[in-house]
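Comments concern the structure below.
This is a predicted model, so every value here is computed, not measured.
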Amino acid sequence: MGNNSIRVITYGAMIAALAAVFGLVNLVSGGIIDVLFSYVLTMAVFYYSYRFGNLNGLVTATASFLLLMMIGIIFFAVFTYATMFLGIIMAWLLKGRKSYRMCTVVLTGAGALKNLLIFNLMAQLLGIDMQQEMIELVTSFNINMDLVNLIYWTTPVVIGFMEATMVNNYSRLVLTKIRRYHQRGR
């Protein structure tokens, strides 16, 4: 085992341990700050994937997910795991020297898909019938079913776009700051 492989394993273990600590703090705080922790972990996995490769980032994200599941925070674990994929995708895009616009488009699609899956998965886990809820919404507020369908399908896209913009900008900021730090050190 070389020095670099020890560094890869150590950094990955630190990110997984950080996920466990964030999960415990989230559990103690009542789940108030879970989204913030998810994006902090996404930036950590982004930089880790950018530096050591996407496969190592995927292994670290999976280890973090398993630790969070062992703690027993299902929503936080699923949401964080899905959000970490945005960081891994961003690392892959930036290594391929893709443009800002291309990164935003790809991350918006991935974020919209993630949010749609999360919304439906959580509804299934909680036993909520989305079709019945939409029908009740239409009848109680006397609004058009087409409008409800439009809101149902556009909300994950809008949230995905906001996530894509945030991940895109913050990951570029993280890389810029780290590059400046390393240039000053030499």
Side-chain angles (χ1 to χ4, degrees), residues 1-26 33-71 73 75-118 121 156 159-186:
M1 218 181 235
N3 191 19
N4 193 34
S5 61
I6 292 172
R7 179 175 289 150
V8 169
I9 292 169
T10 305
Y11 286 177
M14 284 191 288
I15 291 173
L18 185 65
V21 169
F22 283 168
L24 289 173
V25 170
N26 184 38
I33 44 183
D34 57 355
V35 174
L36 173 69
F37 286 158
S38 294
Y39 292 115
V40 169
L41 288 170
T42 299
M43 289 299 105
V45 168
F46 156 74
Y47 182 67
Y48 182 79
S49 296
Y50 186 80
R51 187 167 177 194
F52 298 118
N54 292 333
L55 182 62
N56 290 328
L58 184 63
V59 169
T60 300
T62 304
S64 301
F65 171 73
L66 293 174
L67 279 173
L68 290 171
M69 289 300 282
M70 287 191 314
I71 292 172
I73 313 167
F75 176 76
F76 183 66
V78 171
F79 185 80
T80 302
Y81 188 60
T83 307
M84 284 182 191
F85 276 110
L86 295 179
I88 295 169
I89 291 169
M90 186 65 189
W92 174 70
L93 289 170
L94 284 182
K95 276 193 168 187
R97 306 235 185 252
K98 302 297 183 198
S99 68
Y100 182 85
R101 182 175 291 158
M102 176 68 167
C103 292
T104 302
V105 168
V106 170
L107 288 175
T108 299
L113 182 64
K114 173 198 79 123
N115 289 318
L116 198 60
L117 290 174
I118 293 285
L121 178 67
I159 294 172
F161 175 74
M162 291 187 294
E163 283 179 337
T165 304
M166 184 174 64
V167 168
N168 201 349
N169 290 333
Y170 282 138
S171 59
R172 290 173 189 272
L173 179 70
V174 164
L175 278 183
T176 303
K177 294 292 183 184
I178 289 174
R179 285 180 183 154
R180 284 186 188 160
Y181 175 76
H182 286 297
Q183 286 174 352
R184 267 189 267 140
R186 291 182 181 174

Quiz question: by atom type and distance under 3.5 Å, do the side chains of Tyr100 and Asn169 form a donor-acceptor pair?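 Yes, because at least one side-chain N or O of Tyr100 sits under 3.5 Å from a partner of the opposite role on Asn169.
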
Determine whether [X] and [Y] make a side-chain contact, defined as any pair of heavy atoms from C-beta on separated by less than 4.5 Å.
X: Met84; Y: Phe65; value: no
X: Phe46; Y: Leu175; value: yes
X: Arg51; Y: Tyr11; value: yes
X: Met90; Y: Asn168; value: yes
X: Val167; Y: Met43; value: yes
X: Ile118; Y: Phe75; value: yes
X: Cys103; Y: Arg172; value: yes
X: Met162; Y: Ile159; value: yes

What are the two closest non-hydrogen atoms of [X] and [Y], and how far apart are they?
X: Leu68; Y: Ala77; result: CB-CB, 3.6 Å
X: Leu107; Y: Ala164; result: CB-CB, 3.4 Å
X: Leu86; Y: Ala110; result: CD2-CB, 3.8 Å
X: Ser49; Y: Lys95; result: O-NZ, 4.0 Å
X: Ala16; Y: Leu67; result: O-CD1, 3.4 Å
X: Ala91; Y: Asn54; result: CB-OD1, 3.9 Å

If you round to the nearest 0.5 Å, how far is [atom2] of [Y] from [atom1] of [X]?
X: Asn26; Y: Leu36; atom1: CG; atom2: CG; value: 10.0 Å
X: Ile88; Y: Thr83; atom1: CD1; atom2: OG1; value: 11.0 Å
X: Ser171; Y: Tyr50; atom1: OG; atom2: OH; value: 10.0 Å
X: Thr10; Y: Ile6; atom1: OG1; atom2: CD1; value: 7.0 Å
X: Leu41; Y: Thr80; atom1: CG; atom2: OG1; value: 6.0 Å
X: Ile15; Y: Tyr48; atom1: CD1; atom2: OH; value: 6.5 Å

Within 6.0 Å of CZ in Phe161, more than 12 heavy atoms from elsewhere: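 No, the 6.0 Å shell around CZ holds no more than 12 heavy atoms from other groups.
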
For Met14, is the CE atom crowded, meaning more than 12 foreign heavy atoms sit under 6.0 Å from it?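 Yes, because the 6.0 Å sphere around CE of Met14 holds more than 12 heavy atoms from other groups.
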
Kindly indicate, with the supporting measurements, whether the criterion side chain to side chain contact (heavy atoms under 4.5 Å, CB included) is fulfilled by Tyr170 and Tyr39. CA-CA 10 Å; Tyr170 282 138; Tyr39 292 115; over 6 Å; no

If you look only at pairs with a residue in residues 56-69, which of them pass as a side chain to side chain donor-acceptor pair (under 3.5 Å), with sequence neighbours excluded?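 Sorted pair list: Thr62-Tyr81.
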
Output, in order, the C-alpha distance, side-chain angles, deciding distance and verdict of side chain to side chain contact (heavy atoms under 4.5 Å, CB included) for Thr108 and Glu163. CA-CA 7 Å; Thr108 299; Glu163 283 179 337; over 6 Å; no

